[in-house]
Protein chains: 2
Amino acid sequence: MARSGHDDRDTSPQDDAARAAWLYYVGGLRQDQIAEELGVSRQRAQRLVARAVADGLIRVRIAHPIASCLELERDLRARYGLERARVAPSVPGAPDPLVALAPVAAPELERIFLAEAPRIIALGTGRTLRAVVEQMQTIDAGRHKVVSVIGNVAPDGSASFYEVIMRVADKTAAPHYPMAVPVMARDRDEHRLYSGLPHVRNARALAKMADISIVGVGQIGQDAPLYVDGFITAAELASLEEAGAAGEICGHVFDAEGRFLDHPVNHNMVGLRVPHDGGPVLGIGAGVRKAAAIRAALAGGLLTGLVTDEDTAKLLL
Amino acid sequence: MARSGHDDRDTSPQDDAARAAWLYYVGGLRQDQIAEELGVSRQRAQRLVARAVADGLIRVRIAHPIASCLELERDLRARYGLERARVAPSVPGAPDPLVALAPVAAPELERIFLAEAPRIIALGTGRTLRAVVEQMQTIDAGRHKVVSVIGNVAPDGSASFYEVIMRVADKTAAPHYPMAVPVMARDRDEHRLYSGLPHVRNARALAKMADISIVGVGQIGQDAPLYVDGFITAAELASLEEAGAAGEICGHVFDAEGRFLDHPVNHNMVGLRVPHDGGPVLGIGAGVRKAAAIRAALAGGLLTGLVTDEDTAKLLL
DNA sequence: GCGTCTCATGAGTAATTGCTCATGTCTAGA
DNA sequence: TCTAGACATGAGCAATTACTCATGAGACGC
């Protein structure tokens, strides 16, 4: 066939990967055809396609809402009075519910950023949110502002691992306001110190004005993110469990009814409580282990929207 | 037509297809694993996945702008003073440039419909537009209105084949105003008759107020859509070519400089000329055979945006 | 300059997917 | 009731894709 004149003088490797993947997935060519087209060996074509997949260049969407998921969404909305609910079909055997969750949640975030009117968008952190943001497509959303509602420094002084706001800013070109202090203060004084820092005051003020918040939901227990990532000690964890902790949002711990605990851990969080003012809050999370935490958050009306997966949705209903 | 099942307790076949495809593409399961999961034979799993693809349920996007296409976009914008330009990587050997064009053009349309402020969106028709719309995802855009700028009845009295506006309305739930008369009148009197019909006057009035128009570009010649689809006779085609016709938009024929011809065919078109008022016009089209027509439209400043493919872009530059 | 390490490559091969065909089932019509 | 036709099914096989491994070309440090 007529090989289109490719004057590839300086194609980057990722460009090649993207092109190979395009020909493969969109064009429906076979890998040997792609190889010929690109003038490389068949193996290389295969590797380019595989690389595009591995690099996350490939986004697959299913343009058909699976009926049972739609039902779950409807039921979730009704049961918990949510404004929005999205349920991803679970992938059994997947090591992690994020595999299914992220591709469904990402468009929800894109949707928020596609709004024309400038908005202030508050962001939490965490592994879930990070994975979702990674799946977002880059969109031009410089009119919005993104602000973090939680500190970005881990207890050991390193940058918090599941940084979200910078990634979002990368994807959207939105001005961003991280909260450049530790997630937790050690005591009241330190909390006052951090809170009083000009840039923190600024971020907090902005976050309080947020038009919408996007957060993950953390479980409590031996696998609690707060504990696993070293933000709280085993003793604090035990104390929280003692106090009836069921989950946390942005580090703020609540009980099974979704009421924030009167507990030192909560007092020492430098970040804001979400929701701060009754504004919309989109929660994202799935997994058997998170189900109780999510249920608690829903029970307390802490969320106005939820993205989860099928299995979790069933547990919630 | 798709039977919109409320609660078909046993999943509809398309549901199964969508779920199988989800597990395959998103979950990364093998077809035999899917078969086990769904409790069907391996062949059936394979057929479900194949069916999902065939039914167009699978939408693949490559999250990486290929550098050479970006360059072409930039060059197109600069050369022709466009506000927007998108270039799809060509798929060599594809029977039709639409394979590549539609997946790139569809998000552009979605983008237009995602605008919050209510808009009036004028639509042309044609095979290209139809294929693109088919690829759009359904979005809730009831705040907008879509109006057709061209009649929807073929010369033989049948509904025009490449109906676009109804499909768009399906996808967006937008109120829609087709122009329910023949594309072309046979003479001045008939033109006056059609134009005077209340619903046509209404549609035309609305179309004149459109905030943006989305159109295909037709070539002139033996393969001219206008001719192939029977809107004009061989004699009219010859006469148009004689008069220097280079292309057409919504049936209105223009020369190589993009100036509309003073010709009976143009006079008899019941639809509106686009652009009617200098508003934005997004043109969609690709293919060697359309290149001259597109170049003419660009030369005449008839378009403010263009979606095309790599090969065509190169021809235009 | 030389060894070694990493990484890309292509060959060969295993695994997976897609296709064809013979067969079975269901429906409609005589 | 019987028969033809349309369609779904699973077996078997061909085509395609993915993986493993041995090799060689730079890159880097000694």
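Proteins get letters first, then strands, A, B, ... in listed order; numbering begins at 1 in each.
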Practice item. Grab the CD-P distance between Gln46(B) and dG10(D) for me, whole Å please. Key: 13 Å

Exercise for review: Could you tell me whether Glu37(B) atom CD has more than 12 heavy atoms of other residues or ligands within 6.0 Å of it?
Suggested key: yes

Exercise for review: Apply the test salt bridge (charged side-chain N to carboxylate O under 4.0 Å, His left out) to residues Glu163(B) and Arg167(B): give CA-CA distance (whole Å), side-chain angles for both, the deciding distance (0.1 Å), then the verdict.
Suggested key: CA-CA 7 Å; Glu163(B) 167 63 44; Arg167(B) 302 290 170 140; over 6 Å; no

Review point. About how many Å separate CZ of Arg111(B) and CD1 of Ile139(A), when rounded to the nearest 0.5 Å?
Key: 10.0 Å

Exercise for review: Quick one: do Leu29(A) and Tyr24(A) satisfy side chain to side chain contact (heavy atoms under 4.5 Å, CB included)? Show the steps, please.
Suggested key: CA-CA 5 Å; Leu29(A) 302 196; Tyr24(A) 189 64; over 6 Å; no

Review point. In Å and rounded to the nearest 0.5 Å, what is the OG to CD distance from Ser68(A) to Glu73(A)?
Key: 10.0 Å

Practice item. In whole angstrom, give the distance that lies between atom CZ of Arg47(A) and atom P of dT16(D). Key: 20 Å

Revision key, fill the gap. One should read off an interatomic distance between Leu282(B) CG and Ile284(B) CD1, to the nearest 0.5 angstrom, of 5.0 Å

Point to revise | CZ/Arg130(A): more than 12 non-hydrogen atoms of other groups inside 6.0 Å | key: yes

Practice item. Heavy atoms of chain B, cut-off under 4.0 Å: which first and last nucleotide of DNA chain C, 5' to 3', fall inside that, if you could look? Key: dT16(C) to dT20(C)

Review point. Do Thr308(A) and Arg86(A) get their side chains close enough for a donor-acceptor pair, meaning under 3.5 Å?
Key: no

Point to revise | Nucleic acid contacts - residues 20-39 of chain B versus DNA chain D, non-hydrogen atoms under 4.0 Å | key: none

Point to revise | Under 4.0 angstrom between Gln43(B) side-chain N/O and dG10(D) OP1 or OP2 | key: no

Exercise for review: Describe the nucleic acid contact of Arg44(B) in one word from base, sugar-phosphate, nothing, applying a heavy-atom distance below 4.0 Å.
Suggested key: sugar-phosphate

